[in-house]
Amino acid sequence: MITERIDAITRIPPAYRTATPPCPPSVKIELTARCDLACFFCATSQRLRDKRDMDWDFLVRLMREMREAGVQELGMFYLGESMLYPRLAEAIAVAKHDLGYPYVFLTTNGRLATPEKLKSLFEAGLNSLKFSFNWADADQAKEITRVDCFDTVVANIQASRCVRDEVAARTGHSCGLYASSIQYDGEQRERMAAAVDKIAPFVDQHYWLPLYGQAGLTTGERGTMPVAGNVGRAEAMRDPLPCWALFTEGHVTWDGHLSACCFDHDGRFNMGDLTKTPFLEAWNSQKFQDLRAANLAKDVAGTVCDDCIAYRRHEG
């Protein structure tokens with residue numbers, strides 16, 4: 001199940017609790033920084049950087065380099081919505097069949113995940129598809145995303161299982177189907193539980209996530225108080241420090257920068273330019289080593305991680 005893989009990455013095994021960890025088992029690549037929604041809880045809507053698609057030749061070179069370095073799990077997304085990337089299915093096929101990645105995964109908001117699109121992704125060899133499902137009804141979805149998308153997303157999720165099973169019967173390859181939702185408090189939690197009932201029968205597993213502050217960028221939005229850092233999923237939350245994202249998972253922006261953060265919407269977590277620097281060299285750059293050392297010491301004051309957890313120090 002997807003939660004087992006998530007927990008394995010967020011756990012930070014002993015061998016990775018060092019300023020110079022081995023090659024990360026997992027990397028997420030931002031095929032595009034564009035998104036078709038503008039959710040208040042995601043800093044993508046703040047447009048803090050240029051948003052374009054990754055160059056194809058660079059993408060293929062980088063995927064090959066990372067596979068040779070030892071990366072096992074490849075996420076075909078990062079901060080943008082990869083369903084907008086015109087060569088998404090081709091990128092998955094290259095990763096799986098040409099480069100031999102054991103596990104290729106994708107997260108989507110689901111609006112553009114039509115049965116036709118999903119069929120091409122499943123046939124390309126995608127191993128895992130997760131839908132981010134975070135609205136209780138059509139009115140709330142439109143309020144949060146500024147797009148009338150709820151019914152479309154629900155229909156796409158409900159259709160995904162039949163498409164997956166048809167491709168599996170024909171090719172022998174079956175993609176895991178999953179969904180996650182933000183776990184709010186009070187009435188919204190009850191409303192979300194009812195909405196999840198509409199999609200749960202059509203995925204292999206649904207799980208809950210805490211509301212993240214996204215490196216401090218969305219903390220306090222609409223009166224919310226997110227968790228500090230990225231503590232994983234709601235039922236297996238990790239301590240905010242050391243942050244696992246610096247040790248067990250790489251994050252590459254559309255323009256080729258290796259980021260130290262799951263939520264690098266403004267480029268401040270840039271640890272190296274992969275258009276000029278080999279992946280493993282950037283992974284253990286001095287800048288990255290210093291930030292990991294601060295995380296291991298659980299003292300990130302004055303570092304780029306400070307804003308992400310600063311409000312936690314002042315709680316109460």
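What's counted below: heavy atoms across the whole structure, side chains too, no hydrogens, waters or symmetry copies. Because the structure is a prediction, the values reported are computed rather than measured. Just so you know, residue 1 is the first one in the sequence shown, and it goes up from there.
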Solution key, residues 57-64 side-chain donor-acceptor pairs under 3.5 Å, sequence neighbours excluded:
{"from": "Arg61", "atom 1": "NH1", "to": "Glu65", "atom 2": "OE1", "distance (Å)": "3.4"}
{"from": "Arg61", "atom 1": "NH2", "to": "Leu274", "atom 2": "O", "distance (Å)": "3.2"}

Between the main-chain N or O of Thr253 and the side-chain N or O of Glu30, is there a donor-acceptor pair closer than 3.5 Å? no
Could you tell me the separation between the OG1 atom of Thr3 and the CH2 atom of Trp208, rounded to the nearest 0.5 Å? 15.0 Å
Would you check if the side chain of Thr248 reaches a backbone N or O of Ile9 as a donor-acceptor pair within less than 3.5 Å? yes
Check whether Gln183 reaches the backbone of Pro210 with its side chain - one donor and one acceptor, N or O, closer than 3.5 Å. no
Applying side chain to side chain donor-acceptor pair (under 3.5 Å) to Ser180 and not counting sequence neighbours gives Lys130
Would you say the side-chain atoms of Thr32 and Glu81 include a donor-acceptor pair closer than 3.5 Å? no
Looking at side-chain heavy atoms only, is the closest gap between Lys28 and Met76 below 4.5 Å? no
Just jot down the ring pair (Phe, Tyr, Trp, His ring centres under 6.0 Å) partners of Phe247, sequence neighbours excluded, or say none. none
For Tyr78, enumerate each residue passing the ring pair (Phe, Tyr, Trp, His ring centres under 6.0 Å) test, keeping only those at least two apart in sequence or located in another chain. His251
Contact summary for Lys119 and Val167, nearest pair of heavy atoms: CG-CG2, 4.2 Å
Can you find a heavy atom in the side chain of Asp53 that is under 4.5 Å from one in the side chain of Arg34? yes
Residues in side-chain contact (heavy atoms from CB on, under 4.5 Å) contact with Ala236, at least two apart in sequence or another chain: Asp7, Arg233
Which residues pass the side-chain contact (heavy atoms from CB on, under 4.5 Å) test with Lys287, not counting sequence neighbours? Met271, Ser285
Any side-chain heavy-atom pair from Glu116 and Val163 closer than 4.5 angstrom? no
Taking C-beta and beyond as the side chain, do Phe133 and Val154 meet within less than 4.5 Å on heavy atoms? yes
Counting only N and O atoms by type, is there a donor-acceptor contact under 3.5 Å from the side chain of Arg146 to the main-chain atoms of Ala38? yes
Report the residues that fulfil side chain to side chain donor-acceptor pair (under 3.5 Å) with Ser174, sequence neighbours left out, ordered by chain and then residue number. none
Ring pair (Phe, Tyr, Trp, His ring centres under 6.0 Å) with Phe288: which residues, sequence neighbours excluded? Trp283
Heavy atoms of other groups near Gln286 CD, more than 12 under 6.0 Å: yes
Tell me, please, whether Trp56 has Arg87 positioned over its six-membered ring: NZ or CZ under 6.0 Å from the ring centre and within 45 degrees of its axis? yes
Can you tell if the side chain of Tyr207 reaches within under 4.5 Å of the side chain of Glu235, non-hydrogen atoms only? no
Just grab all the side chain to side chain donor-acceptor pair (under 3.5 Å) pairs involving residues 191-201, residues at least two apart or on different chains. Asp137-Arg191
Test of understanding: with salt bridge (Lys or Arg N to Asp or Glu O under 4.0 Å), list the residues that count as partners of Arg189, not counting sequence neighbours. Asp185
For Tyr85, give me all partners under side chain to side chain donor-acceptor pair (under 3.5 Å), at least two apart in sequence or on another chain. none
Donor-acceptor pair, side chain of Lys96 and main chain of Tyr101, under 3.5 angstrom: yes
Using a 4.5 Å cut-off on heavy atoms from C-beta on, say whether the side chain of Ser181 contacts that of Asn134. yes
Side chains of Tyr103 and Ser128: is there a donor and an acceptor less than 3.5 Å apart? yes
Quick one: does Leu88's side chain get under 4.5 Å of Leu106's, heavy atoms only? yes
4.5 Å side-chain heavy-atom contact, Pro25 and Glu73: no
So, are Glu123 and Arg170 salt-bridged, with charged N and O less than 4.0 Å apart? yes
By side-chain contact (heavy atoms from CB on, under 4.5 Å) - contacts of Asp273 (at least two apart): His257, Thr275, Lys276
Closer than 3.5 angstrom, by distance alone: can the side chain of Asp264 be matched with the main-chain N or O of Ser259 as a donor-acceptor pair? no
Using modelled atom types only, decide if a donor and an acceptor are shared between the side chain of Asp204 and the backbone of Leu177 within a distance under 3.5 Å. yes
Could you pull out the closest heavy-atom pair between Asn156 and Thr114, with the gap in Å? OD1-CA, 3.8 Å
